[in-house]
Amino acid sequence: MKQDMATAMSEEQIIDNVRLCFQNLITLQGEHKNVLEGLETTLTAVKDDGGNHVIEEKAKYVRSGITLLDTGVQDAQFLVELKKYLDTLEADKVKLKAQVRRLFQENAWLRDELGTTQQKLQASEQNVVQLETEKQQLEFMNQLKKYDTGESGDQPTPSDSGKGASDTASELGFPDDEDNANMLSSAQAGQMAASTNAGYEIPARLRTLHNLVIQYAQAGRYEVAVPLCKQALEDLEKTSGRNHPDVATMLNILALVYRDQNKYKEAAVLLNDALQIRKNTLGPEHPAVAATLNNLAVLYGKRGRYKEAEPLCKEALEIREKVLGKDHPDVAKQLNNLALLCQNQSKFDEVEKYYRRALQIYESKFGPDHTEVTKTKNHLASAFLKQGKYKEAEVLYKEILTRAHDREMGASTPDRPIWQVAEDQGDKGRSRDSPNLPHSDLATWSKVSKTDSAIMISVLRSLALAYRKQGRVEVAAILETVVPLPKKEGADLATSHPHNRFHQASVDHVSDSPNFDRGDEHEKGHLSRNAQ
């Protein structure tokens, strides 16, 4: 019967009974000790030997009971402690099971992602094979076409020309904060270094996340990129608080994703939040603050809000001049951005001042043949072209073409820059009979323009336009046979010239964008942003 009752009792009831017994045993132990003390006192007081014997027997039994009670107390205490230990083990077991379930779910997710990635890889490999085949067919057809028309084999193809136009527009506009959706653009890397020197370094996990988000965004998978950013932002706010530089970096990354989706309003809100956090945590003159200011200015510029963008760009310039020095390449990038903003507001005096200062910095740091020097000269020439200063634009375009020719062919070569060949033939009226340049001159141009094809094509087109605007139609016609101008001509051409449009291509890092600063965050064209 007792055994059945014990079986029916719950675990908690058993433990409660053990605790009750433990308390009772403690009480009995105390009572026995009191009795023993009384017997020992009596034994001392009584003189009778017979009485002493009885009392000693009683004391003996009491001592034996105390010993048993001590053992019982120890056993009960052991059971209570054992219960606590078992409870701890059970709790640990529950935690381990939860971790195992989570790891199992993550493993299943990773397997799904791996399977999807493998499928995409196979599809990409098939596309590559197909594109290679199509490329070979197009090259063969192009060769046949050249033989049919008598054109030089070195003349750029229409596809090349198209690419040059769009790329030039990107280069002459505000490059993106991210220097395009590249992982960490050089701008970003520079900004990261500056941030480190100033006491803050973008954590490796955020740089990795930034790269992952860019990959998803480039693939058009915004449904993955946006939740990924939001979850990371939520985790950062829980662990570090809202007012933390890492949170600002994450806001910058998410803003870049929104910008690539043309959600400019949402992107502007995030960039303003990031700017305030960085000013509060890093100080108002930190490089990361300059990157965020630049990104915000670029964002406003892309929306045509040039007046609002200009003061932000100037503030970023002041910070970079103070922190990096007035002759730092990042300062030149900021000057280019500021010049483009002013150009879109027809502030041409300031445009020329900013471009010339940027040009001076690049030439002193990198030498006259650096790509940034060429780009900035091209920008300045386009500003002259837009103002109708065709002669000044012509001089700069010739400088670019001449330096590219001398760099590739050597200054002592008998070959001449393509503009000299065109002027020689055009001024002598040869273009009326045969507007095409000789094969050897076209081959030279092809070799010269190969390094920076997009810039060279843009420069040659612009030079042809400058000639045409000055009435040198024959010279312009010759250059247009090498790199055909867009369909629109005349005044419309000057207005729609790629250099004169605010670049819409796609973020401390992060340079800032148009360059969008990826400096952050740490950000080219699309996602390059300032992730910092």
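Hydrogens, waters and symmetry mates are skipped; everything else that's a heavy atom, side chains included, is used. Model, not experiment: these values are computed from the prediction.
Of all the heavy atoms in Ala267 and Ala255, the pair that sits closest is CB-O, 3.4 Å. Among all heavy-atom pairs drawn from Val331 and Lys326, the shortest one is CG1-O, 3.8 Å. Looking at every heavy atom in both residues, Glu285 comes nearest to Val323 through O-CG2, 3.1 Å. Of all the heavy atoms in Lys230 and Leu254, the pair that sits closest is CG-CD2, 4.2 Å. Smallest separation of non-hydrogen atoms from Tyr467 and Ala476: CB-CB, 3.9 Å. Here the closest non-hydrogen pair linking Ala290 and Ile319 is CB-CG2, 3.8 Å.
One distance of note links OH of Tyr390 with CG of Leu465; it measures 7.0 Å at 0.5 Å rounding. Taking NE2 from His244 and OG1 from Thr239, the interatomic distance works out to 8.0 Å, rounded to the nearest 0.5 Å. To the nearest 0.5 Å, the span separating CD1 on Ile400 from CG on Asn378 amounts to 4.5 Å. Here the straight-line distance linking atom OG1 of Thr117 with atom CG of Leu121 works out to 8.5 Å at 0.5 Å rounding. To the nearest 0.5 Å, atoms CD (Gln118) and OG1 (Thr116) are separated by 9.5 Å. The OG1 atom of Thr292 lies 10.5 Å from the NE2 atom of His286; values are rounded to the nearest 0.5 Å.
Crowding of Asp112 atom CG: a count of heavy atoms from other residues, nucleotides or ligands under 6.0 Å exceeding 12. Atom CD of Gln360 sits in a sparse spot, with 12 or fewer heavy atoms from other residues, nucleotides or ligands closer than 6.0 Å.
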Begin from the C-alpha positions of Arg357 and Glu321 and carry the test salt bridge (Lys or Arg N to Asp or Glu O under 4.0 Å) through to its verdict. CA-CA 13 Å; Arg357 186 180 163 201; Glu321 286 179 332; 2.5 Å; yes
Take Lys333 and Glu372 through the salt bridge (Lys or Arg N to Asp or Glu O under 4.0 Å) test and state the conclusion after the steps. CA-CA 9 Å; Lys333 290 180 182 178; Glu372 293 298 334; 5.9 Å; no
Audit row: Glu308, Arg305, salt bridge (Lys or Arg N to Asp or Glu O under 4.0 Å) steps and yes/no: CA-CA 6 Å; Glu308 296 175 66; Arg305 297 166 61 179; 2.5 Å; yes
Decide salt bridge (Lys or Arg N to Asp or Glu O under 4.0 Å) for Arg320 and Asp330; before the verdict, give the C-alpha distance in whole Å, the side-chain angles of both, and the deciding distance to 0.1 Å. CA-CA 7 Å; Arg320 284 179 166 167; Asp330 284 352; 5.3 Å; no
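Taking 4.5 Å as the limit, some side-chain heavy atom of Val213 sits within range of a side-chain heavy atom of Cys229. Side-chain contact check for Ser382 versus Gln343: some heavy-atom pair is nearer than 4.5 Å. Within the 4.5 Å cutoff, the side chain of Tyr355 has heavy atoms near those of the Leu340 side chain. Two residues are said to be in side-chain contact when any heavy atoms from C-beta on lie closer than 4.5 Å; Glu392 and Gln387 fail this criterion. Taking the side chain as every heavy atom from C-beta outward, Arg111 and Glu106 never approach each other to under 4.5 Å.
Ion pairing of Glu315 with Lys279 is present here, as a side-chain N (NZ or NE/NH1/NH2) and a carboxylate O approach within less than 4.0 Å. Taking 4.0 Å as the cut-off between side-chain N and carboxylate O, Glu394 and Lys398 count as a salt-bridged pair. The existence of a salt bridge linking Glu318 and Lys314 is excluded, since no basic side-chain nitrogen approaches an acidic carboxylate oxygen closer than 4.0 Å.
No side-chain donor from either of Glu310 and Tyr300 sits under 3.5 Å from a side-chain acceptor of the other. At a cut-off of 3.5 Å, with distance as the only test, a side-chain donor of Gln276 or Asn280 sits close to an acceptor on the other residue.
Applying the side chain to side chain contact (heavy atoms under 4.5 Å, CB included) test to Val395 and every residue at least two apart in sequence or in another chain returns Glu399.
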